[in-house]
Undergrad: 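Would you mind keeping the following structure in view while I ask a few things?
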Amino acid sequence: MKIARFSRIGFILAAAGSAVGLGNIWKFPYITGEYGGGAFVLVYLLTVLLVGFSIMIAEMLIGYLGRKDTVSSFEELAPTYKDLWKFGGFQAMAGLLIMIFYSVVIGWIFNYIITSLEYLPANVKEAETTFNLMLQSDFFTQLFYHTLSFVIITYTLTKGIKAGIEKINLVLMPALMIILSGMFIYSLSLDAFPKAVEFMFAADWSKLNSEAFVIAVGHAFFTLSLGMGAIMTYAASMEKGSNIVKSAFWVVFLDTSIAIVAGLMLFTFLYQYGSGPAKGPGLVFISLPAAFYEMGILGNIFAVLFFLALAFAGLTSAVSLTEPMVQYFMDRFAFSRVKASVLMGLFFWFFGIFAILSNIDGTKEYLFWGGKSFFDWIDYITAAIMLPAGGFIMAIFVGYVLEKSRVEAALKPFLKWAFEPWYFFLRYIIPIAMFVVMLNLMGVL
Ligand code: TRP
């Protein structure tokens with residue numbers, strides 16, 4: 001059987017497509033608003049650069065050397081205790097769990113693309129009512145668009161690495177970048193732009209509590225798609241002889257610049273036409289549409305384009321969240337690609353229904369435990385526990401378990417003098433940092 005591999009640019013776009021997602025355009029701006037701007041952004045940037053980039057290289061390396069699904073790659077590469085290490089690969093389950101709410105949110109975005117064509121809320125109050133109406137009482141609209149998102153994602157996965165994953169990224173990623181650049185350039189011309197810059201980059205350290213710190217670190221993982229095996233699974237289909245370091249650099253660079261550009265643009269619009277930096281998950285669904293309303297017909301056009309870009313970002317990430325388990329069932333249980341894709345799709349589609357119901361009046365009471373809804377629990381368990389744990393395991397695996405000679409052979413030609421500092425970082429700094437973050441997120445510290 002001929003093995004399909006990404007082209008070089010195809011791999012970088014697919015990995016960047018995985019990284020650039022709802023995390024960049026939806027979550028990053030609102031948590032930046034929530035945790036006060038500048039200082040938070042700086043912690044996030046430092047984490048991305050120091051921790052994120054290093055683990056990105058490590059995760060790519062495991063996939064690149066292992067060449068299989070996540071479980072088999074760990075098993076294959078571990079020199080001893082193979083049966084134990086293969087459990088590192090079951091992190092891939094986190095992707096399917098994330099998909100339970102990710103697909104629902106992509107559904108909201110589809111709904112907003114359509115409604116923004118002719119309707120925008122006249123003020124924040126009305127926008128809030130509109131959003132809550134959808135969230136809390138419109139089960140069928142949410143189900144319909146969640147199903148649409150399931151169909152697109154599953155169909156792409158059935159087409160495989162080349163005709164499915166590479167292709168959707170080759171089309172949607174450039175489209176996303178064009179839309180965002182266009183809107184960003186427009187925002188440069190507005191008076192409020194310097195205010196947005198100040199909000200995002202002027203660090204007021206007094207606003208940085210330990211919670212903000214931990215959230216910034218956790219987000220760095222989520223936004224770079226690290227710790228779950230998405231990057232690992234894509235890297236298993238990299239061309240032989242690829243420059244892992246360069247690819248990792250491009251993915252980190254694109255992900256970070258798109259988050260910054262989206263943040264600057266959104267805050268400019270909110271300062272110029274809205275009520276300033278809004279907080280909370282409602283930022284792009286509530287405050288932003290109300291700001292677009294002030295722009296007249298241009299606002300409708302911008303709203304549609306913005307939600308399109310957001311949908312593109314979400315879909316390419318969703319594909320990468322599901323693919324690791326698809327690959328797992330293909331490699332370990334000899335499932336056909338179609339069968340594996342449909343089954344994994346049905347999994348998140350089915351549980352996604354409960355994520356919707358956990359916000360709907362009348363059913364949400366039954367899907368609420370310990371202060372969190374089902375929807376929030378999934379978010380918390382994956383982002384706060386599973387991803388940092390996965391990053392920890394990968395750092396230990398590459399830093400201590402894989403033979404140093406193998407790691408060196410694969411990376412030294414590209415890292416050169418930076419190899420030893422990187423290796424040191426991976427062995428000593430990152431495990432400790434990850435451990436502290438995990439304890440903190442779980443509320444132990
Ligand atoms: N990085 C994506 C975002 O920012 C989400 C994502 C895709 C992800 N694949 C992942 C998160 C793997 C963690 C692990 O929205």
Side-chain angles (χ1 to χ4, degrees), residues 13-32 44 47-48 51-52 55-56 58-60 62-63 70 88-106 108-109 149 153 156-157 165 168-169 172-173 176 180 215-235 248 251-252 254-263 281 284 309-327 344 348 378-394 441:
L13 278 185
S18 167
V20 176
L22 304 182
N24 300 60
I25 308 176
W26 169 57
K27 202 166 175 189
F28 175 63
Y30 89 68
I31 53 179
T32 298
Y44 154 81
T47 315
V48 164
V51 181
I55 297 194
M56 177 73 72
E59 182 169 342
M60 272 188 193
I62 301 174
T70 53
F90 285 111
Q91 266 302 113
M93 263 313 289
L96 276 191
L97 296 180
I98 294 174
M99 278 306 294
I100 293 173
F101 69 87
Y102 213 82
S103 171
V104 173
V105 178
I106 294 176
W108 299 347
I109 297 164
S149 142
I153 294 159
T156 306
L157 287 168
I165 300 175
I168 196 176
N169 279 289
L172 296 190
M173 284 305 285
L176 158 83
L180 282 185
I215 297 285
V217 177
H219 182 67
F221 263 80
F222 187 85
T223 188
L224 292 173
S225 297
L226 292 176
M228 175 231 126
I231 296 292
M232 193 186 291
T233 303
Y234 278 5
V251 176
V252 172
L254 284 172
D255 185 74
T256 310
S257 18
I258 290 179
I260 301 279
V261 162
V284 307
L310 193 51
F312 293 170
L315 286 171
T316 51
S317 299
V319 165
S320 83
L321 283 161
T322 318
E323 169 70 5
M325 285 308 284
V326 171
Q327 196 69 49
M344 295 310 110
F348 74 71
I378 300 274
D379 183 16
Y380 176 76
I381 291 170
T382 51
I385 302 171
M386 296 182 82
L387 298 183
F392 181 76
I393 292 170
M394 288 171 197
L441 281 168

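Being a predicted model, the structure only gives us computed values, none of them experimental. Every number for a ligand or one of its atoms is a count from 1 in the order of the listing.
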Undergrad: Backbone N or O of Met386 within a donor-acceptor pair of the Gln91 side chain at under 3.5 Å?
TA: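 Yes, because the side chain of Gln91 sits within donor-acceptor range (under 3.5 Å) of the backbone of Met386.
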
Undergrad: Nearest protein heavy-atom contact for atom 1 (N) of ligand 1: which residue, which atom, what distance?
TA: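 Checked against all protein heavy atoms, atom 1 (N) of ligand 1 sits closest to Phe222 O, 2.8 Å.
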
Undergrad: Output the list of atoms in ligand 1 that are nearer than 4.0 Å to some heavy atom of Ser18, sorted by atom number.
TA: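 Answer, ordered by atom number: 1 (N), 2 (C), 6 (C), 7 (C), 9 (N).
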
Undergrad: With no hydrogens and no angle check, is any side-chain donor or acceptor of Tyr102 less than 3.5 Å from a backbone partner on Leu96?
TA: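 Judged by distance alone, no pair lies under 3.5 Å.
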
Undergrad: Measure the CD1-CE distance between Ile153 and Met99 for me, rounded to the nearest 0.5 Å.
TA: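 Between Ile153 CD1 and Met99 CE, I get 3.5 Å after rounding to 0.5 Å.
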
Undergrad: Considering the options Ile168, Asn169, Leu176, which one meets the side-chain contact (heavy atoms from CB on, under 4.5 Å) requirement together with Leu172?
TA: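 The passing option is Ile168.
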
Undergrad: Once you measure the plane-to-plane angle for His219 and Phe28, does it fall in the parallel (<30°), tilted (30-60°) or perpendicular (>60°) bin?
TA: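 It falls in the parallel class, under 30°.
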
Undergrad: Quick one: which ligand 1 atoms are inside 4.0 Å of a heavy atom on Ser320?
TA: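 Under 4.0 Å from Ser320, ligand 1 has these atoms: 7 (C), 9 (N).
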
Undergrad: Which bit of Leu387 is near ligand 1, meaning a heavy atom under 4.0 Å away: side chain, backbone, both or neither?
TA: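 For Leu387, only side-chain atoms sit under 4.0 Å from ligand 1.
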
Undergrad: For ligand 1, is there an N or O atom under 3.5 Å from any N or O atom of Ala230?
TA: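 The answer is no, given that Ala230 and ligand 1 share no N or O pair closer than 3.5 Å.
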
Undergrad: Are the side chain of Ser317 and the backbone of Gly17 linked by a donor-acceptor contact shorter than 3.5 Å?
TA: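 At least one qualifying donor-acceptor pair exists.
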
Undergrad: Return yes or no for this condition: an N or O of Ala19 is under 3.5 Å from an N or O of ligand 1.
TA: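 It does: an N or O of Ala19 is found under 3.5 Å from an N or O of ligand 1.
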
Undergrad: What's the shortest heavy-atom distance between Ile231 and Met56, and which atoms?
TA: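 Of all heavy-atom pairs spanning Ile231 and Met56, the closest is CG2-SD, 3.9 Å.
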
Undergrad: Would you mind checking which non-hydrogen protein atom is closest to atom 6 (C) of ligand 1, with the distance to 0.1 Å?
TA: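 Of every protein heavy atom, Ser225 OG, 3.5 Å lies nearest to atom 6 (C) of ligand 1.
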
Undergrad: So for ligand 1, is Leu22 a polar contact partner (N or O within less than 3.5 Å, distance only)?
TA: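 Looking only at distances, the answer is yes, because the N/O contact criterion of under 3.5 Å is met.
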
Undergrad: Going by the order shown, which atoms of ligand 1 are within less than 4.0 Å of some heavy atom of Met228?
TA: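 Matching atoms, with element in brackets: 12 (C), 14 (C).
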
Undergrad: Any nitrogen or oxygen of Gly23, side chain or backbone, less than 3.5 Å from one on ligand 1?
TA: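 Yes, since at least one N or O of Gly23 sits under 3.5 Å from an N or O of ligand 1.
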
Undergrad: Without swapping roles, check the side chain of Asp255 against the backbone of Val251 for a donor-acceptor pair under 3.5 Å.
TA: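 Flag not set: sc Asp255 to bb Val251 has no pair under 3.5 Å.
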
Undergrad: If we only consider heavy atoms of Tyr102, is any one of them less than 4.0 Å away from an atom in ligand 1?
TA: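 In this structure, Tyr102 qualifies as a contact of ligand 1 - some heavy atom is under 4.0 Å.
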
